[in-house]
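Start at 1 and go down the list; that is how both ligands and their atoms are numbered. Predicted, not measured: the structure shown is a model, and the values here were computed from it. Sequence positions, counted from 1, serve as the residue numbers for this chain. Side chains are part of it too, since the values below use all heavy atoms of this structure and drop only hydrogens, waters and symmetry mates.
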Amino acid sequence: MIEYRSIRVGLLGAGSVGSQVARLLLEHGDELAQRIGARIELVGIAVRDLDAKRDAELPRELLTTDADALIVASDIVIELMGGLEPARTMVLKAIASGADVVTGNKALLATHGPELYAAAEQVGAQLSYEAAVAGAIPIIRPLRESLAGDRIDRILGIVNGTTNFILDRMDSTGASLEDALATATELGYAEADPTADIGGYDAAQKAAILASIAFHTSVPVAAVHREGITSVTAQQVESARRAGFVVKLLAICERLTDPETGEEGVSARVYPALVPREHPLGAVRGANNAVFVEASAAGPLMFYGAGAGGVQTASAVLGDLVAIARRHVVGGPGTAESTHAELPMFEIGRITTRYAITLEVADEPGVLERIAHVFAEHGVSVEQLQQTVSGGSERATLVIGTHEATESALAETVASLAENPVVVSVASVLRVEGAM
Ligand SMILES: NC(=O)C1=CN([C@@H]2O[C@H](COP(=O)(O)OP(=O)(O)OC[C@H]3O[C@@H](n4cnc5c(N)ncnc54)[C@H](O)[C@@H]3O)[C@@H](O)[C@H]2O)C=CC1
Ligand SMILES: N[C@@H](CC=O)C(=O)O
Ligand code: NA
């Protein structure tokens with residue numbers, strides 16, 4: 001029997017993810033010791049309530065309400081409390097006391113990332129966070145290590161399980177957003193307050209993290225353009241389905257070059273978009289996540305799997321823990337954040353994409369010509385136009401698909417359309433992404 005040295009690990013938070021991390025550490029201690037060459041000693045689990053019911057049964061003697069004492073007694077701290085404070089203060093304290101840190105806290109990283117990375121780099125500590133984006137799916141490490149020699153051009157991700165479940169349910173059953181959300185809540189996918197999910201905040205935090213790593217640029221969450229799914233209607237989902245598309249909430253991180261100045265920059269944005277059903281992202285069902293990466297040399301790559309869930313996310317936390325623990329055994333520096341490029345952020349008006357616009361118009365001669373004129377006036381080129389007239393109605397529905405256009409040109413086009421006397425209403429404007 002090999003006598004391994006011990007590496008002391010302190011766990012902050014024993015909720016859905018934390019309780020599963022503790023259980024796996026306790027159950028697989030021997031195997032992990034062999035893989036690492038040292039024993040992970042779980043020295044304590046900081047909780048708010050010693051008697052709370054938990055997803056996994058944990059030894060009472062490990063529970064403590066004194067997180068500060070636990071931090072200073074640990075070589076590696078795992079933060080799984082969530083939220084900004086006291087998580088930020090505790091992570092800084094752990095780093096200052098010489099510990100490495102593993103966290104799954106995307107809100108913390110998207111808001112205070114640069115401060116935490118700088119603190120870690122200053123003392124040579126490792127801060128790892130595979131669980132923070134797309135749960136169990138390995139995406140941070142592939143971007144940072146496997147693709148370190150390549151140039152990433154674009155990331156298209158479904159990174160919020162709750163909204164994907166809702167949109168998938170609307171697509172497959174015709175349910176309204178409210179009904180699909182109620183089902184997501186019943187099944188335990190949505191948060192008690194689902195605003196972070198359906199408002200796109202959670203996806204925007206993940207987009208900020210992905211863009212920062214992919215483009216070696218510090219991207220604050222405030223620079224991510226965010227639109228949630230709250231105004232997506234059953235009608236839009238049904239029209240998309242009939243046209244061979246599916247509505248998905250996408251996080252898009254893109255390297256862009258201004259065609260006029262040649263300036264290079266980054267766009268990070270979250271919005272619901274039409275995706276062709278045959279695109280790999282179009283087939284992502286239920287609460288799953290997927291991240292589609294386009295790299296210059298590697299070409300398109302797809303990472304797919306469970307983006308949430310206690311035990312699934314615990315797998316990513318343990319992966320980070322094992323990697324850090326191995327470094328304790330073999331020595332050497334950790335991986336610092338790479339922000340050498342510091343590309344400027346391009347605002348949403350500068351991005352180009354395709355659009356599908358649905359208009360209710362008067363059914364009278366010359367309407368199509370007047371509508372086409374509005375598009376031409378703003379330099380937006382129409383790719384296809386479909387007209388439907390309901391029997392006996394004096395109105396017609398026009399669905400217009402555009403070629404690539406800038407957001408600013410599209411916004412001006414839509415504003416002009418809304419004011420045009422032949423337009424009864426602009427029923428829907430959705431971007432089209434991933435067209436192949
Ligand atoms: N649940 C999931 O599927 C995923 C969660 N994450 C992230 O992992 C982290 C943990 O998430 P969950 O386990 O789902 O959250 P949770 O709400 O189930 O658990 C958090 C636990 O931390 C405890 N806590 C909060 N403040 C504390 C304090 N000051 N001292 C001690 N304990 C404290 C809470 O009482 C709770 O038991 C979050 O940052 C979340 O965003 C990331 C990916 C997926
Ligand atoms: N609420 C999130 C949980 C994981 O990050 C989601 O639905 O994806
Ligand atoms: Na992940």
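Side chain of Thr103 to main chain of Glu79: a donor-acceptor pair is present (N/O by atom type, distance under 3.5 Å, no hydrogens or angles). For the pair Asp100 (side chain) and Ile76 (backbone), a donor-acceptor distance under 3.5 Å is absent.
Looking from atom 8 (O) of ligand 2 to the surrounding protein, the closest heavy atom is Gly161 N, 2.7 Å. For atom 44 (C) of ligand 1, the closest heavy atom belonging to the protein is Thr313 OG1, 3.3 Å. Shortest contact from atom 18 (O) of ligand 1 to any protein heavy atom: Ser16 N, 3.0 Å. Protein heavy atom closest to atom 19 (O) of ligand 1, with residue, atom name and distance, is Gly15 CA, 3.2 Å. Of all protein heavy atoms, the one lying nearest to atom 3 (C) of ligand 2 is Ala308 CB, 3.8 Å. The protein non-hydrogen atom at the shortest distance from atom 7 (O) of ligand 2 is Thr162 OG1, 2.7 Å. In this structure, the protein non-hydrogen atom closest to atom 8 (O) of ligand 1 is Gly104 O, 3.8 Å. Taking atom 28 (C) of ligand 1 as the reference point, the nearest protein heavy-atom neighbour is Met81 SD, 3.4 Å. Protein heavy atom closest to atom 5 (O) of ligand 2, with residue, atom name and distance, is Lys106 NZ, 2.6 Å. The protein non-hydrogen atom at the shortest distance from atom 1 (N) of ligand 2 is Asp197 OD1, 2.8 Å. For atom 25 (C) of ligand 1, the nearest protein heavy atom (residue, atom name, distance) is Arg48 CZ, 3.5 Å. Looking from atom 43 (C) of ligand 1 to the surrounding protein, the closest heavy atom is Ala131 O, 3.3 Å. Looking at atom 38 (C) of ligand 1, its nearest protein heavy atom turns out to be Gly82 CA, 3.7 Å.
Distance CD1/Ile95 to CD/Gln122: 10.0 Å, rounded to 0.5 Å. Rounded to the nearest 0.5 angstrom, Leu32 CG and Leu321 CG are separated by 8.0 Å.
Residue Lys106 touches ligand 1 through its side chain alone, judged by heavy-atom distances below 4.0 Å. The parts of Asn105 lying near ligand 1 are both backbone and side chain, judged by heavy-atom distances below 4.0 Å.
Side chain to side chain, Glu407 and Tyr355 meet the donor-acceptor criterion of an N or O pair below 3.5 Å. If you check the side chains of Asp66 and Thr64, you find no donor sitting under 3.5 Å from an acceptor. A side-chain donor-acceptor contact under 3.5 Å links Thr397 and Glu360. In this model, no donor atom of one side chain and acceptor atom of the other lie less than 3.5 Å apart for Gln20 and Ser16.
Salt-bridge check for Glu186 with Arg169: failed, with every basic side-chain N at 4.0 Å or more from each acidic carboxylate O. A salt bridge links Arg154 with Glu254: at least one charged nitrogen is closer than 4.0 Å to a carboxylate oxygen. Between Asp51 and Arg60, at least one side-chain nitrogen of the basic residue sits less than 4.0 Å from a carboxylate oxygen of the acidic one, meeting the salt-bridge criterion. For the pair Arg285 and Asp168, the salt-bridge criterion is met [side-chain N within less than 4.0 Å of a carboxylate O]. Looking at Arg144 and Glu337, a side-chain N of the basic residue comes within less than 4.0 Å of a carboxylate O on the acidic one, giving a salt bridge. The existence of a salt bridge linking Glu347 and Arg350 is excluded, since no basic side-chain nitrogen approaches an acidic carboxylate oxygen closer than 4.0 Å.
Every atom of ligand 1 with a heavy atom of Val47 under 4.0 Å away is listed here by number and element: 31 (C), 32 (N). Of all the atoms in ligand 1, the ones that sit under 4.0 Å from a non-hydrogen atom of Ala46 are 31 (C), 32 (N). Listed by number with element, the atoms of ligand 2 under 4.0 Å from a non-hydrogen atom of Lys206 are 4 (C), 5 (O), 8 (O). Within the listing of ligand 1, atoms 3 (O) sit less than 4.0 angstrom from a heavy atom of Ala308. The Gly13 neighbourhood of ligand 1 comprises atoms 22 (O), with distances under 4.0 Å to a heavy atom of that residue.
By heavy-atom distance, the residue among Leu12, Val17, Leu80 lying nearest atom 13 (O) of ligand 1 is Val17.
Contact annotation: Pro86 has at least one heavy atom less than 4.0 Å from an atom of ligand 1. Heavy-atom distances between Gly307 and ligand 2 reach below 4.0 Å in at least one pair. Remark: distances from the non-hydrogen atoms of Gly309 to ligand 1 include one below 4.0 Å.
Looking at every heavy atom in both residues, Glu264 comes nearest to Phe346 through C-CZ, 4.0 Å. Pairing each heavy atom of Ala38 with each of Val329, the nearest pair is CB-CG2, 3.7 Å. Closest approach of Val219 to Ala211, counting heavy atoms only: CG2-CB, 3.9 Å. Summarising the geometry of Ser128 relative to Ile324, their closest heavy-atom pair is OG-CD1, 3.7 Å, with the distance given to 0.1 Å. Pairing each heavy atom of Asp153 with each of Ser296, the nearest pair is OD2-OG, 3.1 Å.
The protein does not reach atom 15 (O) of ligand 1 closely, with no heavy atom under 4.0 angstrom from it. Distance check for atom 22 (O) of ligand 1: a protein heavy atom is found below 4.0 Å.
Excluding water, every protein N/O/S atom under 3.0 Å from the Na ion (ligand 3) is given here by residue and atom: Glu130 O, Glu130 OE2, Val133 O, Gly135 O, Ile137 O.
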